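All remarks here apply to the structure that follows.
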Amino acid sequence: MTELIELSLAEARDGLEAKRFSASELVRAHISAVERARLLNAYVLETPEKALAQASESDARLKRGEARPLEGLPIGVKDLFCTKGVRTTAGSAILGNFTPDYESTVTSQLWRDGAVMLGKLNCDEFAMGSSNETSAFGPVVSPWLPPNWDGARARATIVKATAERAAPAGLLVPGGSSGGSAAAVAARLCLAATATDTGGSIRQPAAFTGTVGMKPTYGRCSRFGTVAFASSLDQAGPIARTVRDCAILLRSMAGPDPRDSTSADLPVPDFEAAVTRGAKGLKIGIPKEYRMDGMPEEIEKLWADGGRWLAAAGAELIDISLPHTAYALPAYYIVAPAEASSNLARYDGVRYGLRVEGGDVIEMYENTRAAGFGREVKRRVMIGAYVLSAGYYDAYYLRAQKTRTLIKRDFEQVFAAGIDAVLTPATPTAAFGIGEKASASPIEMYLNDVFTVTVNMAGLPGISVPAGCDAKGLPLGLQLIGRPFDEETLFATAKVIEDAAGRMVLPKVWWE
Amino acid sequence: MSVDATTVKRVAHLARIALPEAEVERMQGELNAILGFVEELAKVDVEGVEPMTSVTPMRLKQRADVVTEGNIADAIIANAPLSDDHYFMVPKVVE
């Protein structure tokens, strides 16, 4: 049974079609793996009964020859997507036991296409974080071990920390905010997972865990039913173990939706068909502004390797300039908190979630939000309230939105000059330790997103693909950035890198 | 620009987050670290640049002005911490 969890999503799909195993067998193997992996804290809610019921329907359909595109394939769902009748928390205590009476468009399309839900995945609170340490459910532990650690030491550390209600310091973060999604995919606790990306929350955890993460163009996936963080930046996408698997999943997740007025009225291409297109004749831009001072040599080398692999596949490498790159992160830390402070105003103790009483209604709001929000969320909501407040709006928010125009223009100019995709590192470092950055200045954590945040600010698609390991044996990723709605070129070029780098060898099970 | 303790308390109130006196100083330090970081934007020449209002060049869609979903009061109050007869209950706001 354990070999079933090692399959890629595409292999599992083909195995089901060839009747080599049943959907129920495939799903039971995953349910068992999930139950044995609780030390990782990747799932915040397991839904085995629902999974088995869906699997049995899938087996019936497979038998009748009526298989849908994702028939019987077990996946995990980031706890930011509303799931009907299944608790949805966004990793926050303020949502408590919120149980939506509706389904997000993205997940409803996955179930429409036959996918099976194993459970809800841990994430940073309201997707605000880059390490999954801000979750009200506690941090997710990466399945990747720090250098010189063995499984016994890691298990003992987690057991001890859990007993002391502390974080298992020393072990590695899976990245964030989609840390549960990335850890579960890397640990083979699902074939693939849904995730969301506001500043790098799909691509950074994918890079940290040796998985593939795709943030589509803004508007490609509906935001309906996804807990909102920053509405002009939020976008859903898949994390999976191969480029092909991401392409398969995105096709089901994407598409126009009358319930999201910003979803794009464009047909969804057959992304899987684009995977093997290759890179021949493509012009790949190498932006000089992404070469940062103090960048680890390994990342520099990886980036050069990526360029060479694409060139060997017939692409042409062209040096480009994206002059406003350095301003993307500061602008993001105005725009995203501003939107968050307004989106999170809905958590007031009246309609759902936590309520802490007070002397009057204002005090009730203030007590509820003080008790329900974690530290990082409070910081961002307050920064947002400040930059939008009278007298500061022009200096902060308006200036940031103008800067955003310039960041987008940088990309428009290189695409107009014929560049098909831009190649950059995905993150400035490999995964760091739990507790290592959480206690430092908030800025240190924010710097994780320096290479990914530009893409959200410009609304573009970006993919992170594993390309090698650092000297400590930890995975590193490369990012490809594409033209609006040209995810196909990203799948094609990422596949070239995946093939040249060789499929990432994921950590052996130590967490059981 | 940096914020003083009074501003931190004012902003906490604007954001409707109770901030105990003992936490003001730490929050002040963290907010000032973030404000110091975004100060970088003062270097950008934004003269004559339009602020971004939509990240993709599209017109906001409109839908027909009709009732799409209705008569679901039970579902709407299902998650309310306090409700009565399909009303959300809040502390008294009018004397």
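Side chains are part of it too, since the values below use all heavy atoms of this structure and drop only hydrogens, waters and symmetry mates. Model, not experiment: these values are computed from the prediction.
- Below 4.5 Å, heavy atoms of chain A meet heavy atoms from B/Ala75, B/Asn79, B/Ala80, B/Pro81, B/Leu82, all part of residues 74-82 of chain B.
- When side chains are defined from C-beta on, A/Arg375 counts as touching B/Glu30, because their heavy atoms get closer than 4.5 Å.
- Interface residue B/Arg26: only side-chain heavy atoms are found under 4.5 Å from chain A.
- Residue contact with chain B, scored on non-hydrogen atoms closer than 4.5 Å, involves the backbone and the side chain of A/Ser261 alike.
- Counting only heavy atoms from C-beta outward, the side chains of A/Tyr396 and B/Leu35 approach each other to under 4.5 Å.
- Of the listed residues (A/Asp101, A/Leu460, A/Val361), the greatest number of heavy-atom pairs within a distance under 4.5 Å of chain B belongs to A/Val361.
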Under 3.5 Å donor-acceptor pairs involving side-chain atoms of residues 452-459 of chain A, not counting sequence neighbours:
unit_1, atom_1, unit_2, atom_2, d
A/Thr452, OG1, A/Gly199, O, 2.8
A/Thr452, OG1, A/Asp449, O, 3.2
A/Thr454, OG1, A/Tyr290, OH, 2.8
A/Asn456, OD1, A/Arg203, NH2, 2.7
A/Asn456, ND2, A/Asp197, O, 3.2
A/Asn456, ND2, A/Asp197, OD1, 3.0
A/Asn456, ND2, A/Thr198, O, 2.9

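- Using modelled atom types, no side-chain atom of A/Arg379 and backbone atom of B/Met27 make a donor-acceptor pair closer than 3.5 Å.
- Of the listed residues A/Ile383, A/Leu398, A/Val381, the one with more heavy-atom pairs under 4.5 angstrom with chain B than any other is A/Ile383.
- Using a 4.5 Å heavy-atom cutoff, the side chains of A/Tyr386 and B/Leu14 are not in contact.
- Of the candidates A/Thr405, A/Ile407, A/Leu406, B/Met52 forms a side chain to side chain contact (heavy atoms under 4.5 Å, CB included) with just one, namely A/Thr405.
- Looking at B/Thr7, only its side chain comes within 4.5 Å of chain A, counting heavy atoms on both sides.
- In this structure, chain A has heavy atoms under 4.5 Å from both the backbone and the side chain of B/Val90.
- Contacts of B/Val3 with chain A are made by side-chain atoms alone, with heavy-atom separations under 4.5 Å and no backbone atom involved.
- Heavy atoms closer than 4.5 Å to chain A are found in both the backbone and the side chain of B/Glu40.
- In this structure, chain A has no heavy atom under 4.5 Å from any part of B/Glu47.
- When each of A/His324, A/Glu363, A/Lys378, A/Glu357 is scored by its heavy-atom pairs under 4.5 Å with chain B, the top score falls to A/Lys378.
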